[in-house]
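The block underneath contains the structure these notes are about, expressed in structure tokens.
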Protein chains: 2
Amino acid sequence: MVVETAKETPSGVKIISHVLLTRAGFIKRVANGVYTLGMPAQKMAMKIESIIRDEMNKIEGQEVKFPVVMPKELWELSGRYHDIGPEMARFKDRAGQDLVLGMTHEEAAVHFVTNTVNSYQKLPFMIYQIQTKFRDEPRSRGGLIRVREFTMKDAYSFHTTAEDLEIHYYQQHQAYENIFRRIGLKNFISVQSDSGMMGGKIAHEFMLLTPDGEDELVICEKCGYKSNMEVAESEIETFTNTNDLPFSEVFTGEHKTIEEVAAFLNVKTIDIIKAVVFVEKDEKNPIIVFVRGDLDVNEAKLRKVLQKEVLPFDASNDETLAFGNIGLIGLSENVTVVYDKSIENRQGMITGANKLEYHITNFNIGRDIEIKEYFDVAKVKAGQKCKNCSHELKIENGIEIGNIFQLGDKYTKSMGMTVLNEKGESIHPLMGCYGIGVGRAIASIIQDSCDEKGMILPVSVAPWIVHLCPIRIDNEKVRELSFDVYNQLNNIGIDTIIDDRENVSAGVKFADADLFGMPFRLVISPKGIEKNELEIMIRSTREVIFIEKDKLLEKIQELVYS
Amino acid sequence: MVVETAKETPSGVKIISHVLLTRAGFIKRVANGVYTLGMPAQKMAMKIESIIRDEMNKIEGQEVKFPVVMPKELWELSGRYHDIGPEMARFKDRAGQDLVLGMTHEEAAVHFVTNTVNSYQKLPFMIYQIQTKFRDEPRSRGGLIRVREFTMKDAYSFHTTAEDLEIHYYQQHQAYENIFRRIGLKNFISVQSDSGMMGGKIAHEFMLLTPDGEDELVICEKCGYKSNMEVAESEIETFTNTNDLPFSEVFTGEHKTIEEVAAFLNVKTIDIIKAVVFVEKDEKNPIIVFVRGDLDVNEAKLRKVLQKEVLPFDASNDETLAFGNIGLIGLSENVTVVYDKSIENRQGMITGANKLEYHITNFNIGRDIEIKEYFDVAKVKAGQKCKNCSHELKIENGIEIGNIFQLGDKYTKSMGMTVLNEKGESIHPLMGCYGIGVGRAIASIIQDSCDEKGMILPVSVAPWIVHLCPIRIDNEKVRELSFDVYNQLNNIGIDTIIDDRENVSAGVKFADADLFGMPFRLVISPKGIEKNELEIMIRSTREVIFIEKDKLLEKIQELVYS
């Protein structure tokens with residue numbers, strides 16, 4: 001057993017799967033977000049890949065392999081060569097040709113099937129690959145949770161009609177549920193999600209629920225509404241208070257934040273209109289969102305409304321805006337304004353006066369300003385009501401472990417792929433795409449199943465099923481029986497690892513076995529041989545079973561296969 | 001069966017495996033030297049990979065996965081960041097860090113085991129991976145024969161002694177023979193080879209013998225000497241003719257080539273001393289090699305002698321050299337001269353006079369010039385004698401299908417990796433590395449086994465074993481029996497593909513089946529059903545067997561497993 005534990009945790013590492021994968025020597029960092037997988041992690045990866053293949057083949061997937069390196073021209077056809085920013089790695093070859101590293105393979109998939117899959121008779125059609133990808137993430141983190149280079153299963157389906165795409169889409173959804181259950185994940189859900197750079201409209205993400213997750217998920221436990229925060233909606237609360245008083249300026253001095261103003265004027269934050277400033281990427285003119293004082297702006301929703309890349313803007317040093325006192329009336333003309341639905345027709349509100357140190361009170365929307373259109377750009381917060389069933393919403397954290405998208409004809413249209421439909425007409429087929437990261441699946445399994453001693457790996461994907469710890473391996477009987485059992489287990493297809501280190505105490509071997517987290521630990525010791533009692537410990541429950549030598553294989557088979 | 005044949009051969013494609021892989025739709029070109037593998041090729045790749053894994057695991061290999069993208073720093077440690085030229089792809093990430101695409105993984109392997117494999121007790125130690133690589137070949141060619149992006153199995157072994165490295169090296173040699181036999185190759189040999197940019201001394205290449213191969217191989221059929229031309233040696237012929245005449249200049253006018261001079265002076269080419277001009281890369285001063293008139297210079301051997309990168313030099317416009325009349329005496333001092341062993345102590349020779357339009361006759365080495373050292377830099381030609389047994393040498397062409405290297409401590413030393421030996425001393429372990437390209441293996445199998453109709457794939461790696469051609473699939477009985485047999489065969493583990501296209505003639509289906517080259521073609525037709533005679537054709541021999549429906553499965557199992 002050459003795999004050695006690293007013993008110490010690298011500094012600054014907080015996420016449990018990262019700590020355990022590093023300590024157990026499953027991964028070794030090569031660069032920021034780039035890792036070598038050691039044998040145990042690679043064995044896990046192959047077991048996961050094999051389960052993924054099985055589920056993809058069941059729904060008629062054909063496995064192919066697209067290249068990692070692709071020519072610029074392919075990505076220019078779809079428009080993404082320019083749409084995607086620095087997360088796509090680009091280089092020139094020796095002949096000066098522009099190449100990119102694939103971060104996803106829609107273009108390659110369309111290129112591959114164009115002219116081959118050319119008739120409705122060949123649809124639906126689904127291809128997939130398991131291949132290395134590189135995505136230059138600005139912030140890689142958490143070991144295998146978010147890396148820059150990763151192995152991914154990505155699938156692409158082609159359809160003549162939206163109904164057919166939808167049927168396949170839900171087959172994929174089912175296949176994904178099967179995959180995640182089969183690799184041993186327990187706490188996962190699927191949520192509606194944003195389609196982001198992929199294009200298309202309907203998308204789901206599969207999420208592992210864990211406090212270490214960076215994604216926020218909005219969940220209704222009553223009706224089952226589940227959504228990524230990025231696209232989550234809540235019921236829009238309506239308020240019926242009326243106000244007949246005229247609006248007036250009031251001195252608020254240094255009180256600038258919503259909380260300060262609320263306290264100073266003795267009002268609730270929901271009665272204040274908050275101004276949040278953004279700016280379009282590479283542009284200067286501010287975008288101001290007006291939202292109810294107790295809410296925040298959901299940037300993803302705002303981007304969708306504006307169809308632009310927007311960034312938060314620090315207005316504190318901007319001389320054209322009365323920072324801390326920005327309000328609805330009297331803004332300069334170069335400002336883009338978005339009104340959130342949370343302030344629709346509110347009366348008696350507090351808003352900035354667009355004049356330093358002053359706010360306006362008794363501001364009535366409708367009376368004091370006419371607003372033509374409101375948008376839902378507020379971030380849902382826990383306790384708000386479900387838009388479907390009015391039940392109280394819950395927010396949990398999650399890690400994305402898979403995603404599926406209905407892409408529509410974005411790629412087939414831009415890349416000019418057509419098929420003949422039943423009427424003999426040339427149409428652009430509709431596409432779906434479906435991804436799972438293998439490395440992230442490894443991390444998620446550990447994240448989902450570990451304790452303070454180490455990993456607790458499921459039988460279906462553990463690198464080995466049995467971790468054999470001979471105690472006093474210098475004892476001839478121990479040595480002989482240990483290797484005998486080791487060979488027998490491997491021969492009957494029970495992957496077994498043996499800790500054949502000499503001069504290492506039982507305590508150290510047990511600690512390593514706990515860290516490694518194989519489903520069953522088998523101890524063979526002089527005392528055990530004497531008493532004809534071999535010891536099996538079940539890692540997940542820590543239950544210990546003593547068994548006679550002759551019944552060992554049968555018992556382990558029973559434990560593994562039942 | 002959605003895999004469609006491309007029917008036409010792309011223009012300019014000459015190599016048979018390239019023609020067949022393209023026509024059968026196994027591969028599709030994405031960029032120069034970059035291909036997508038379709039399902040059949042990917043299935044073949046996986047079967048080949050599985051055989052490779054099995055052989056690597058048998059000799060205690062541990063499968064890992066190194067990253068495709070690596071930081072510059074790792075390659076600076078070994079010195080190769082600067083030693084390797086434009087064949088290595090380089091780019092900067094969003095943070096400005098220099099990254100490279102792995103073309104081989106010695107650096108990553110040493111990085112991975114450093115500090116973990118730290119004692120003689122853990123050696124020998126061998127790791128391998130099957131991973132995508134990118135090498136910016138100046139001339140990709142022949143479909144999967146020489147590409148820029150490829151999947152490769154690369155293994156790295158670590159040893160305390162040269163003896164131990166040698167033992168493992170020959171285990172790898174045996175494993176490679178096993179792999180190539182198991183994937184169905186017949187005409188392959190292993191030859192001594194140049195270690196090139198890998199460093200180290202002893203190296204072998206496995207070569208598929210084929211006229212399409214770009215490598216020249218020198219073979220002695222008597223003693224078994226086999227060598228890549230790059231490092232091939234022959235017996236150095238000795239000549240005993242003596243010459244007492246004084247040397248003298250002779251007017252040869254426009255006669256400049258060896259053949260012209262030989263004809264003009266009525267001598268044999270072996271009695272002329274040829275001057276071949278090279279130049280060091282990025283340098284100006286000429287390097288002149290003097291070699292026997294009938295021989296050529298082997299550049300690889302010359303590079304080894306000079307320990308420099310040299311390029312052929314066109315001296316026809318060089319005013320400092322008497323082009324066509326370059327000789328041994330009277331050369332300017334800025335010229336580097338190398339004397340090949342083929343001219344050692346020759347008497348009565350013709351050489352250039354270093355004066356335009358003049359040669360020298362009756363030139364005696366030893367008498368007219370003193371030469372201290374000769375080097376073997378001549379290219380072996382067919383008919384020369386084996387240096388071991390004096391048998392006549394043969395030259396064949398081949399394609400490299402695998403290579404193994406004894407690297408020594410080049411990488412462990414430069415990268416500072418140490419282990420403790422039995423005496424407790426810190427030493428740099430010795431390394432070996434071992435590579436096989438999976439895509440090139442696919443091409444080689446086809447190159448080695450095909451006919452004018454298509455591929456002839458071996459059972460061990462064919463994507464499918466049985467190619468089922470139902471004739472008149474619109475006939476209900478044909479349809480029912482065909483899918484019944486199709487399912488039964490797949491259920492008993494015999495991978496079967498069915499050509500279920502309607503409105504396609506038997507002729508077209510048979511032509512496609514021949515092109516695809518699956519080991520067995522099964523025909524189910526109305527007539528066959530009526531006569532209770534299903535037809536199996538063995539692709540390699542074209543033997544046809546008629547079998548009753550009830551005995552079909554058994555017969556196919558017999559054919560496959562016997």
Side-chain angles (χ1 to χ4, degrees), chain A residues 2-4 6 25 28 30-32 34-39 41-43 45-46 62-71 73-74 85-87 89-95 97 99 101 108-109 111-113 115-118 121-122 125 127 129 131-132 134 136-138 148-149 151 501-502, chain B residues 2-4 6 25 28 30-32 34-39 41-43 45-46 62-71 73-74 85-87 89-95 97 99 101 108-109 111-113 115-118 121-122 125 127 129 131-132 134 136-138 148-149 151 501-502:
Chain A
V2 180
V3 180
E4 283 282 307
K28 186 161 178 174
V30 177
N32 192 13
V34 177
Y35 290 85
T36 290
L37 298 190
M39 175 167 62
Q42 175 60 17
K43 279 174 95 83
M46 290 195 292
Q62 299 194 4
E63 186 169 355
V64 302
K65 196 162 207 170
F66 303 119
V68 173
V69 173
M70 285 172 277
E73 289 69 25
L74 205 54
E87 59 267 36
R90 299 152 205 251
F91 67 101
K92 278 185 195 296
D93 70 8
R94 66 195 300 157
Q97 290 292 305
L99 299 172
L101 297 189
H111 170 266
F112 181 64
V113 299
N115 298 332
T116 306
V117 177
N118 52 12
Q121 292 169 311
K122 292 177 184 166
F125 180 67
I127 42 181
Q129 66 166 349
Q131 171 69 308
T132 304
F134 187 82
D136 201 354
E137 290 280 355
R148 296 198 295 171
E149 176 174 325
T151 299
R501 290 175 294 179
E502 294 184 17
Chain B
V2 180
V3 181
E4 282 284 306
K28 184 161 180 173
V30 178
N32 193 14
V34 177
Y35 290 86
T36 288
L37 298 190
M39 176 167 62
Q42 174 61 15
K43 277 174 95 86
M46 289 194 292
Q62 299 193 4
E63 186 169 353
V64 301
K65 195 161 209 171
F66 303 120
V68 173
V69 173
M70 284 172 278
E73 289 70 25
L74 206 54
E87 59 266 40
R90 299 153 205 250
F91 66 102
K92 278 186 195 296
D93 69 8
R94 64 195 302 157
Q97 291 292 304
L99 300 172
L101 296 190
H111 169 266
F112 182 64
V113 300
N115 297 332
T116 306
V117 178
N118 51 12
Q121 291 171 309
K122 293 176 185 167
F125 180 68
I127 43 181
Q129 67 166 349
Q131 170 70 308
T132 305
F134 187 82
D136 200 355
E137 291 281 354
R148 297 198 294 170
E149 176 173 328
T151 299
R501 290 176 293 178
E502 294 184 18

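Below, all heavy atoms of this structure are taken into account, side chains as well, without hydrogens, waters or symmetry copies. Order of the sequence lines fixes the chain letters, A, B, ..., with proteins taken first and strands second; residue numbering starts at 1 for each chain.
Residue Gln121(A): no heavy atom, backbone or side chain, is found under 4.5 Å from chain B. Only the side chain of Phe134(A) comes within less than 4.5 Å of a heavy atom of chain B; its backbone N, CA, C and O stay farther away. Using a 4.5 Å cut-off between heavy atoms, Leu101(A) contacts chain B through its side chain alone, with no backbone atom that close. In this structure, the portion of Arg90(A) lying under 4.5 Å from any heavy atom of chain B is its backbone and not its side chain. Using a 4.5 Å cut-off between heavy atoms, Glu63(A) touches chain B through backbone and side chain atoms alike. Neither the backbone nor the side chain of Gln129(B) comes within less than 4.5 Å of any heavy atom in chain A.
Closest heavy-atom contact between Leu37(A) and Ala45(A): CD1-CB, 4.4 Å. Residue Met70(B) comes nearest to Val30(A) through the heavy atom pair CG-CG1, 4.4 Å, listed as atom of the first residue, atom of the second, then distance. Heavy atoms only, all atoms of each residue included: Leu74(B) and His111(B) are closest at CD1-CB, 3.8 Å.
Side chains of Phe112(B) and Val117(B) form no contact here, defined as non-hydrogen atoms less than 4.5 Å apart. In this structure, Gln42(A) and Ile127(B) have side chains that are not in contact, with every pair of non-hydrogen atoms separated by 4.5 Å or more. Contact check for Glu73(A) versus Gln97(A): side-chain heavy atoms found under the 4.5 Å cut-off.
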* Worked verdict on Lys122(B) versus Val113(B) for side-chain contact (heavy atoms from CB on, under 4.5 Å) -> CA-CA 11 Å; Lys122(B) 293 176 185 167; Val113(B) 300; over 6 Å; no
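When the candidates Pro86(B), Pro67(B), Gly85(B) are compared by the number of heavy-atom contacts under 4.5 Å with chain A, Pro67(B) comes out ahead. Taking chain B as the reference chain and counting heavy-atom pairs below 4.5 Å, the highest number among Thr132(A), Val68(A), Val34(A) is found for Val68(A). Your options are Ala95(A), Ala31(A), Ala89(A), Pro71(A), and the one with the most heavy-atom pairs under 4.5 Å with chain B is Pro71(A).
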